Q: 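For reference, the structure I am asking about is given below.
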Amino acid sequence: MAKNRKPQVNPNGKQRPDKKGGFGWGWLYMIIIAVLLGSYFFSDGIQQKDITYTQLQSYIENDVVESLTVYDNGTVKAVVREAEKTVVFGEAADKHPDRNITVAIPTVEEFNKYMTDINQKRKADGKQNIDMQFEKSRDWWYLILVNVLPFVLIIFFFVWMSRGVSGSMGGGGIFGVGKAKAELFDRDKKDKVTFKDVAGLEGAKQEVEEIVSFLKNPKKYTNLGGKIPKGALLVGPPGTGKTLLAKAVAGEADVPFFSMSGSDFVEMFVGVGASRVRDLFRQAKEKAPSIIFIDEIDAVGRARGKNIISGGNDERESTLNQLLTEMDGFGTNSGVIILAATNRADVLDSALLRAGRFDRQIHIELPDLQERKEIFAVHLKPLKLDASVDVNLLAKQTPGFSGADIANVCNEAALIAARNDHKAVGRQDFMDAVDRIIGGLERKTKIMTEEEKRAIAYHEAGHATISWMLRWANPLVKVTIVPRGMALGAAWYLPEERQITNREHLLDEMCATLGGRAAEEKFLNQTGTGALNDLERVTKQAYAMVAYYGMGKTMPNLSYYDSQGKYEYGFTKPYSEKTAEKMDKEVADIIAEQMKRAKQLLQQYAEGHHQIAELLIEKEVITAEDVERILGPRPWKSRQDEIINS
Ligand code: ADP
């Protein structure tokens, strides 16, 4: 809710009162309450009739009154006898089933005296006393509380419900469903993001900087006959800084910036998405030059279905159609530029990707070593560090980490340091943070028998030995048999950052991954379930080699990879059963061959393997240095080392 109520900022930067506050729901509720209260007080709902004191006296004396209630505030409620109703109420008697009349009396004492006289008289006449009781007066507030509060509570309940629903529907209550609730960035905000906060991503930054400059100075480009692009699509894995980059554009460009997530368009009501798209573009055009940013555009931009039978998701398709229409609908120079981000460009509809809509696709990759260093530099700035922290080492220790992971490592390291009462964040805190993010929390309390521990140590030592000896296996960092997250033991590697992976690379990696089970079988003569993870990885890799990369011996250069994520005409697999069988055989052969190779290597380095395993049982965690001491220096230098040391 808070989001929708936030005051918006117009292009001049001045605060503008929130329009929705004008004739809002508040007024409507007030009117409803007033009407209810009014009808309560002015209707015949309170079945009472006011009369004068003299009238009451005459009713009492004529035996019209059945009982009396005297209140301490000087009023009396009298109940009229059923038979005498018409005497008091006349024609309207039916409207007064309660037969109540209320009267103001001079004082309670006086009335009491009067009634004593009356009752004496009645006694003399042989009549019964008139029933009389005294009560504390119920004042006005009491009446309101008892009679009105339940209504008010019910009304507020409905108000609250409808607000809750409208909040989740995009604000403006039920009538505002079709409105786009784009967030308008406040350029005067103190913690706004600028290009300085985005580390690395040089190419991407340059492209978006150009977009900012288009908007700031369109003449420079249009004078030469160029057209300003309509949109740019940021594509890349999650956490690589796409949203951050868009926020930086908002911070840098001096134009209104509308930000919305793809999923905000999608609603359970048909037609809402399309009308939100229309509304968003209308708002943006009103304030042109401006930027629209749609995060996670794949939520609406998925390829439209070809299959007529299944029908597809009509609502999403009509939203997408509207988006396509709107992107075509304004002239190139109207000054609205669309930025969108996704990590699934492959599932986007091709119409969305054609030039003229998203003219530019900006690919953002996971950061490489140098970029990780820069990202670390950004996120280390607010931390209090001690001298042991080395950015080079941190960048080296975090291959495959995205910008978001790195931000997480820095934060986690600070938390770990605080937990251990350190004065500043040190190198070990970062190492623990990295371990924790890769492997999950250590579970030292997990109970294991000596035998199980031994099996895990032999398994992990198998990985360590083989990866140490193979040229293309990833270089080892450390091995542990302390259970962490779901794993019972783990070997950490520094994956080499290659652009192209060869058959040899894949086979060496597979051999090292199989090393765990190979060691268990060879030295302990047992086959355990602990290798599940390894086997899954190896099998998938082998299938990828055969079916995608065309590396099968009997079926080379064939790839059944489908970059679009869908085979046309509903084929589930575009090859025959025979080919499938051939593939299965290839995969089984590859794995068997690597298993054999792993066992041979273990045979060759059996002594080293045993020492590593025993050391693991003793110390639980060993590092690459320990392995180096046992097996000697690694015969191959890793490329990483070369890069870092260069
Ligand atoms: P996504 O690509 O999924 O949109 P975000 O832009 O939301 O990723 O990034 C999440 C967080 O990761 C950012 O808030 C920022 O802290 C950090 N981050 C990611 N990339 C970078 C980068 N290049 N420089 C600095 N911080 C980054």
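All residue numbers refer to positions in the sequence shown, counting from 1. The analysis underlying the following values was restricted to heavy atoms, covering all of them including side chains, and did not include hydrogens, waters or symmetry mates. Counting convention: from 1, in listed order, for ligands and their atoms alike. If you're wondering where the values come from, they're calculated on a predicted model, not measured in any experiment.
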Q: Report yes or no: do H422 and D386 form a side-chain donor-acceptor pair below 3.5 Å?
A: no
Q: Could you tell me whether K247 and D197 make a salt bridge, using a distance below 4.0 angstrom between a side-chain N and a carboxylate O?
A: no
Q: Flag yes if more than 12 heavy atoms outside Q206 fall under 6.0 Å of its CD atom; otherwise flag no.
A: no
Q: Using a threshold of 4.0 angstrom between heavy atoms of the protein and any atom of ligand 1, which residues qualify?
A: D197, V198, A199, L201, P238, G239, T240, G241, K242, T243, L244, I375, H379, G403, A404, A407
Q: Are the side chain of D405 and the backbone N or O of S402 linked by a donor-acceptor pair below 3.5 Å?
A: yes
Q: Kindly determine whether L323 and I297 satisfy side chain to side chain contact (heavy atoms under 4.5 Å, CB included), including the steps that lead there.
A: CA-CA 11 Å; L323 187 66; I297 196 173; 4.2 Å; yes
Q: Can we say D279 and R282 salt-bridge, meaning some charged N sits less than 4.0 Å from an Asp/Glu carboxylate O?
A: yes
